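Next up is a structure, given as structure tokens.
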Amino acid sequence: MNPPAFSRKIPVTQTDASGIGVIVLLCTAYSVLMAWAGTWLYDEDATGWRIALGLIGMLALIALWVVGLVVVSYAWIWVEEHWLQSARGRPKPFRQSTQIDIDGRGLSIQGLGHVDWIDVLAIEGIPDSDNYLLVHTRPFNKLMLTAPVDELAPVINHYLALRSGAKAIPTGPLQSRAIVFCSRCFLAWIWAGYALAAAVGVALFLNAPDVGFLKTVVALCVLMPMIAWLVWAIPFSQISIFSRSRVRAFELDNTRLRSTDGEWHVDLLQARVSHRHARGIGYEFDFLAIRPKAGKNLDLLLEGGADQEALLDVLSERGLLPQMNSGR
């Protein structure tokens, strides 16, 4: 049976997700402002037509919030494309219909270049779309391929599975892919959500002690949890919605672990390695914590893939990984 392949001229767009963090921050700040306005819009002493007017105002505020989120997002994207991109000296993203070949050697995109399979980090579908597929790569970042997903995805998944750690050549370096994140930054955002919600609650009681029972209940049960969740949306999105953009490829050669982009190069004999479990309100995951004596710390989110399981098995066999620890 011939191995699967894909060869066709299709539209290819190079996308840039560097500004997604700013968009999340702007949308969070805007949502907090709208939530604050909503707590004072409803009048608990209103009667008759004032009740209907208050409800209409609340619906209008919700509609304004939804429209505002879209406007804020597109406004920042426009600023990124027209101002910041040229100011940073970045080349114009690739966007054209071109020949693409997918086979055992990798992805070849005419006019852009070739990507080996170890540098194909992940693929991601677009909700409610059968003709767009996002491919995360090391050299070209995120590429959107416009073609039937049921034709593209099986071919790419076939070769990604062949390159997984479970099927790697025993005599060569073990290859693995994992999501890179910062566990300490993640926890800092979680505690920041608690702190900001508590600060808003204290400020409400100090500045408006006689707002009434209903508004007090709304502030405690709606506004404060909403503020906390809006802050938590930032770290949660990094390990869920936007996690594919943080996937990196690694090679383990004996006791040396290095990323294919050259950002990390660690001798695990000179580092503290632990398999940890984190759990809290709204999150639960395993990750590999690597703390070298010199250089940057490295946290790898484990999702249970074959290559990640092979990496854990090899680390355990070589005595580099102790028993799992529970961390928050």
Side-chain angles (χ1 to χ4, degrees), residues 3-4 104-106 115-124 135-138 153-184 186-187 238-240 243-280 283-328:
R105 298 171 298 173
V115 186
D116 293 328
W117 283 115
I118 185 59
D119 292 325
V120 178
L121 305 176
I123 62 174
E124 180 182 359
V135 181
H136 299 261
T137 69
R138 182 184 63 82
V155 177
I156 297 177
N157 280 326
H158 171 80
Y159 291 109
L160 288 180
L162 290 179
R163 299 295 298 182
S164 69
K167 299 180 181 180
I169 301 174
T171 57
L174 180 77
Q175 296 178 343
S176 179
R177 297 175 181 84
I179 299 170
V180 176
F181 80 116
C182 175
S183 61
R184 294 176 180 176
F186 181 90
L187 291 179
Q238 293 178 348
I239 63 172
S240 57
S243 62
R244 295 304 173 191
S245 298
R246 308 174 69 88
V247 175
R248 296 294 182 271
F250 294 87
E251 290 186 344
L252 177 64
D253 189 0
N254 197 9
T255 63
R256 294 186 177 274
L257 182 70
R258 71 173 188 89
S259 59
T260 57
D261 59 6
E263 188 171 355
W264 287 276
H265 192 283
V266 183
D267 184 355
L268 298 182
L269 288 177
Q270 304 297 321
R272 179 165 52 89
V273 184
S274 58
H275 184 189
R276 301 184 181 180
H277 182 76
R279 177 168 52 186
Y283 67 92
E284 182 174 4
F285 56 85
D286 291 342
F287 67 98
L288 190 66
I290 301 175
R291 303 290 181 262
K293 293 182 179 179
K296 297 189 301 181
N297 294 335
L298 179 61
D299 294 318
L300 302 179
L301 187 66
L302 304 176
E303 297 182 306
D307 50 350
Q308 296 172 10
E309 293 176 359
L311 176 61
L312 293 177
D313 291 341
V314 171
L315 291 177
S316 298
E317 291 172 0
R318 298 177 184 178
L320 300 171
L321 183 63
Q323 295 295 321
M324 181 188 296
N325 296 322
S326 177
R328 290 196 60 182

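As the structure is a computational prediction, the values presented were derived from the model and not from experiment. Residue numbers count from 1 along this sequence.
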- Return the minimal non-hydrogen interatomic distance between A278 and F287, and the atom names on each side.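 Looks like CB-CE2, 4.1 Å.
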- Query: How far does CD1 of I118 sit from CZ of R177, to the nearest 0.5 angstrom?
  - Reply: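 One finds 4.5 Å between CD1 of I118 and CZ of R177.
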- Classify the angle between the aromatic ring planes of W117 and Y159 as parallel (below 30°), tilted (30 to 60°) or perpendicular (above 60°). parallel
- Message: Is the distance from the ring center of F285 to that of F186 below 6.0 Å?
- Response: yes
- Task: Heavy atoms only: give me the nearest P292-A271 pair and the separation to one decimal.
- Result: CA-CB, 3.5 Å
- Message: Counting C-beta onward and ignoring hydrogens, is there a side-chain heavy-atom pair between S176 and Q308 closer than 4.5 Å?
- Response: yes
- Query: Tell me, do L321 and L288 make a side-chain contact under 4.5 Å, heavy atoms counted?
  - Reply: yes
- Message: If we ignore hydrogens and angles and just use 3.5 Å, is the side chain of D119 paired with the main-chain N or O of V115 as donor and acceptor?
- Response: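 Side chain of D119 to backbone of V115: no pair is present.
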- Message: Ignoring hydrogens, what is the shortest heavy-atom contact between S240 and S243? Give both atom names and the distance.
- Response: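 Minimum heavy-atom separation between S240 and S243: O-OG, 2.9 Å.
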- Which distance, rounded to the nearest 0.5 Å, do you find between the CG of L257 and the NE2 of H265?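 One gets 9.0 Å once the value is rounded to the nearest 0.5 Å.
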- Drop me the distance from C182's SG to L298's CG, to the nearest 0.5 angstrom. 10.5 Å
- Message: So L302 and L311, do their side chains get closer than 4.5 Å, heavy atoms only?
- Response: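 When only atoms from C-beta onward are counted, L302 and L311 do not touch, as no gap falls below 4.5 Å.
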- Message: Distance check, rounded to the nearest 0.5 Å: I179 atom CD1 versus I239 atom CD1?
- Response: 8.5 Å
- Is a side-chain N or O of R246 found less than 3.5 angstrom from the main chain of V180, in a donor-acceptor match?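 Flag set: sc R246 to bb V180 pair under 3.5 Å.
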- Between V120 and L160, the two heavy atoms sitting closest are O-CD2, 3.5 Å
- Item | N/O donor-acceptor pair under 3.5 Å between S259 side chain and W264 backbone | yes
- Student check: side-chain heavy atoms of D116 and T260 closer than 4.5 Å: no
- Item | Electrostatic pair D261-R248, nearest N-O below 4.0 angstrom |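 Salt bridge: yes.
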- Should the pair R291-D299 be classified as a salt bridge under the 4.0 Å nitrogen-to-oxygen rule?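 Looking at D299 together with R291, the answer is yes, because their closest N to O distance falls below 4.0 Å.
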- R105 atom CZ, neighbour heavy-atom count above 12 within 6.0 Å: no
- Item | Gap separating the CZ atom of R318 from the CG atom of L174, nearest 0.5 angstrom | 7.5 Å
- Item | Any donor-acceptor pair under 3.5 Å from D267 side chain to L269 backbone |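 Yes, the answer is positive, given that a donor and an acceptor are paired below the 3.5 Å cut-off.
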- Give the C-alpha distance, both sets of side-chain angles, the deciding distance and a yes or no for side chain to side chain contact (heavy atoms under 4.5 Å, CB included) between E284 and H277. CA-CA 7 Å; E284 182 174 4; H277 182 76; 3.1 Å; yes
- L300 and F250: CA distance, side-chain angles, deciding distance, side chain to side chain contact (heavy atoms under 4.5 Å, CB included) verdict: CA-CA 11 Å; L300 302 179; F250 294 87; 3.6 Å; yes
- Mind checking the CG-NE2 spacing from L121 to H136? Nearest 0.5 Å is all I need. 8.5 Å
